[in-house]
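The block underneath contains the structure these notes are about, expressed in structure tokens.
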2 protein chains.
Amino acid sequence: MRRPTLEAVAARAGVSRATASRVVNGQTTVAPHIRDAVLRAIDELGYVPNPAARSLVTQRTDSVALVVSEPGTRVFSEDPLFSTAIRSASMELEAVNKQVVLMLASSAKSHARVERYIAGGHVDGVMLISMHGADPLPAALSRLRVPVVSYGRPAVPVDIPFVDNDNVGGAEAGVRHLVESGRRRIATIAGPQDMIAGQDRLAGYRNVLRDSDRRSIVAVGDFTRESGAVAMRQLLGDDPGLDAVFVANDLMAVGALQSLRQAGRRVPDDVAVVGFDDIEAAKYTEPPLTTLRHPVSEQAAAMVKLLLGLFEGGAIDPVILPTELVVRESA
Amino acid sequence: MRRPTLEAVAARAGVSRATASRVVNGQTTVAPHIRDAVLRAIDELGYVPNPAARSLVTQRTDSVALVVSEPGTRVFSEDPLFSTAIRSASMELEAVNKQVVLMLASSAKSHARVERYIAGGHVDGVMLISMHGADPLPAALSRLRVPVVSYGRPAVPVDIPFVDNDNVGGAEAGVRHLVESGRRRIATIAGPQDMIAGQDRLAGYRNVLRDSDRRSIVAVGDFTRESGAVAMRQLLGDDPGLDAVFVANDLMAVGALQSLRQAGRRVPDDVAVVGFDDIEAAKYTEPPLTTLRHPVSEQAAAMVKLLLGLFEGGAIDPVILPTELVVRESA
DNA sequence: GGGGTATGAGAGAGCGCTCTCTCGACAGGT
DNA sequence: ACCTGTCGAGAGAGCGCTCTCTCATACCCC
């Protein structure tokens, strides 16, 4: 009780295997009545092409790997960025009939696994979501002569096209908003400095403060809610007089709001808070969070487009998407 | 500049292709010095087996599809259940060297795509996350004679082993907690009734109220935060005197807390709130949410184990995992 | 020393498909 | 009538691997 082969279809339709193949692959050099006969045979037998056989000869697999290189297990589950990006990329690829192979590369062992898999030619290309500077994967994959694109600028300069949002510009806009609303002592809770987003958002903060002649007050978190709460307590200890804080992501901002509440500070009256990312939860904090929105779905879609461009051959320039300040009540 | 083949490895090692294949596949019937020679050749050439060729003959692909059949786009991104389940399943499968092909089946069109893909033999098995009763996919896939397991009990009775948590028992425990703490007018915000989790949790609520001689007060949401807020307002309108509410998931509970705050009700003094799922955010609500924890990761892991069991042949019984009441401050 | 049994290695037949090459048939131009 | 050109269809070679079957060698027992 095997699956029918192209041979069987051809036999039933009374044509050669080559002709049946032509019909399956939509070539036009087949006379209408023969094409119909083949299609009928396909239908009657319930024929579905064997992908292994096909890609053995075509050297294509019509699937791409989505590699999420993220050691932090909690982050993956909690930060909606990942699921949104995965979802969007996935949908874009489905639209062009490519499959998504999801690979989570959390440990050194799984890095090796990913490399082996990619090297094995299981996929036509790779989309890499890697945010940590020390990650060896971008460099390793770019060596493999497989089309690779990155979600977010790779930390080490490596020859991979990427799509990123304007972290520096976004942070500048957020801090400028605080400056313009008359805040004097503007602190920041920065992200991890081994991550590009962490670095760039801190740079944006520094740029604006430098120009506006204010002192920078920095605490560093790791993009988790808890670290935001801790960092906020720390900032309040260091400088009880601060009247604003720019938090490098919303998850930490949620933690910061909690610490501010516990410390008896009113938001935004005593302390203004600006986040980054505009995650869903930002709408529901108390008070709702002013933050910077960047289009995660669009970024993922652009990444897919970039990869498809690579398939067609042709080096492709990085894409930087703009961010947008969303003013709610926290600042 | 082609990739080296097994033939090349064999030639370099001075053995036959068959022997090289034996070494690659770890068969023991190869003399040590020959094995070494082959391994050296593999290393020197950077040989990696061609998976298409391999699976053409073995009829295996060593990859499984993870099909998320979820029309609600927002839910996928926001509900951490999906990312947690995906992550956990993915890690379990990596441990046994299987690849995960992620497929999002949101529309009827993508249903057809999924079916075609599975029928094509791209994967050795399917893990199905489908929560809507009207979903035709479970039945369709089970017809395909491919090993399929389901995350959550399929709504239509179909012959697929599944892993689920004890929704009825969990809801009963939650409502019983409210009864035991002396609440008299216990309402519920139920989930969508075309979803098993929605049905079962409502059933649990009803079971306990029936036994404790209280009237049931029901509003229905769709598991989103917003719907929880709306339902809560509605309940307060219907019965201003209610003193407790059992909410069928945490996301809706967060919305409900917001509505309660806006209506000037104190939680838990005026109204006690119990959620379901114990998502990360439940710890950070004001006040922290009492809720029912079910082990999403374990459930996903159990699903993987179930699927691997199917590969070995042998019909396998459903697995029901227990839930646990986590008492925080909201009830 | 002959016959039998392990043991290790090679030969070769496919797995199901694509795609180039070839060829037949027929139309149109001279 | 013949030659050229076009179009549609078949033949068959391979893609890179696994695995059965076969065979050569070495070993043991009587």
Side-chain angles (χ1 to χ4, degrees), chain A residues 1-42 45-63 97 116-117 119-124, chain B residues 1-42 45-63 97 116-117 119-124:
Chain A
M1 185 57 187
R2 258 225 151 65
R3 283 172 43 195
T5 71
L6 194 58
E7 190 80 53
V9 171
R12 188 179 190 100
V15 300
S16 73
R17 197 174 61 246
T19 302
S21 174
R22 287 189 187 98
V23 173
V24 169
N25 293 294
Q27 290 186 20
T28 49
T29 65
V30 179
H33 72 279
I34 295 209
R35 130 172 280 111
D36 286 349
V38 173
L39 289 175
R40 203 171 327 116
I42 287 174
L45 294 174
Y47 169 76
V48 186
N50 180 323
R54 176 177 276 172
S55 71
L56 182 58
V57 32
T58 59
Q59 310 276 26
R60 284 182 298 101
T61 62
D62 288 330
S63 58
N97 251 295
R116 221 179 319 121
Y117 187 78
H122 279 90
V123 293
D124 298 340
Chain B
M1 186 56 190
R2 257 222 152 68
R3 284 172 41 194
T5 71
L6 193 57
E7 190 80 53
V9 171
R12 186 178 191 99
V15 301
S16 75
R17 196 174 61 245
T19 301
S21 173
R22 287 190 187 97
V23 173
V24 169
N25 293 295
Q27 288 185 21
T28 51
T29 66
V30 180
H33 71 281
I34 294 210
R35 133 175 275 110
D36 287 348
V38 173
L39 289 176
R40 202 170 329 115
I42 287 175
L45 294 173
Y47 170 76
V48 185
N50 180 323
R54 176 177 276 171
S55 75
L56 181 57
V57 33
T58 59
Q59 310 277 25
R60 283 181 298 103
T61 63
D62 286 329
S63 59
N97 251 295
R116 220 177 320 122
Y117 188 78
H122 279 90
V123 292
D124 299 339

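Any value given below was found using the heavy atoms of this structure, including those in side chains, with hydrogens, waters and symmetry copies removed. Residue numbering restarts at 1 for every chain, and letters A, B, ... go by the order of the sequence lines.
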When the distance from CD of B:Q27 to C1' of D:dC19 is rounded to whole Å, what number comes out? 8 Å
Taking side chain to side chain donor-acceptor pair (under 3.5 Å) as the definition, give me every residue that meets it alongside B:N25, ordered by chain and number, with sequence neighbours left out. B:S21, B:R54
Looking only at heavy atoms, the pair that brings B:V48 and A:R116 closest together is CG1-O, 4.1 Å
Quick one: what's the B/S/- string for nucleotides 5-15 of chain D, heavy-atom cutoff under 4.0 Å, read 5' to 3'? ---SBBBBB-B
Quickly, which of A:V30, A:V23, A:V9, A:V38 forms a side-chain contact (heavy atoms from CB on, under 4.5 Å) with A:V15? Name it, please. A:V38
Check for a donor-acceptor pair, side chain of B:R3 on one end and backbone N or O of A:G120 on the other, with a separation under 3.5 Å. yes
Respond yes when some side-chain nitrogen or oxygen of A:S21 is under 4.0 Å from OP1 or OP2 of C:dT18, and no when none is. yes
Nearest-angstrom distance from the residue atom CG of A:N25 to P of C:dG16: 17 Å
Looking only at heavy atoms, what is the nearest atom pair of B:Y117 and B:V123, with distance? CE2-CG1, 4.1 Å
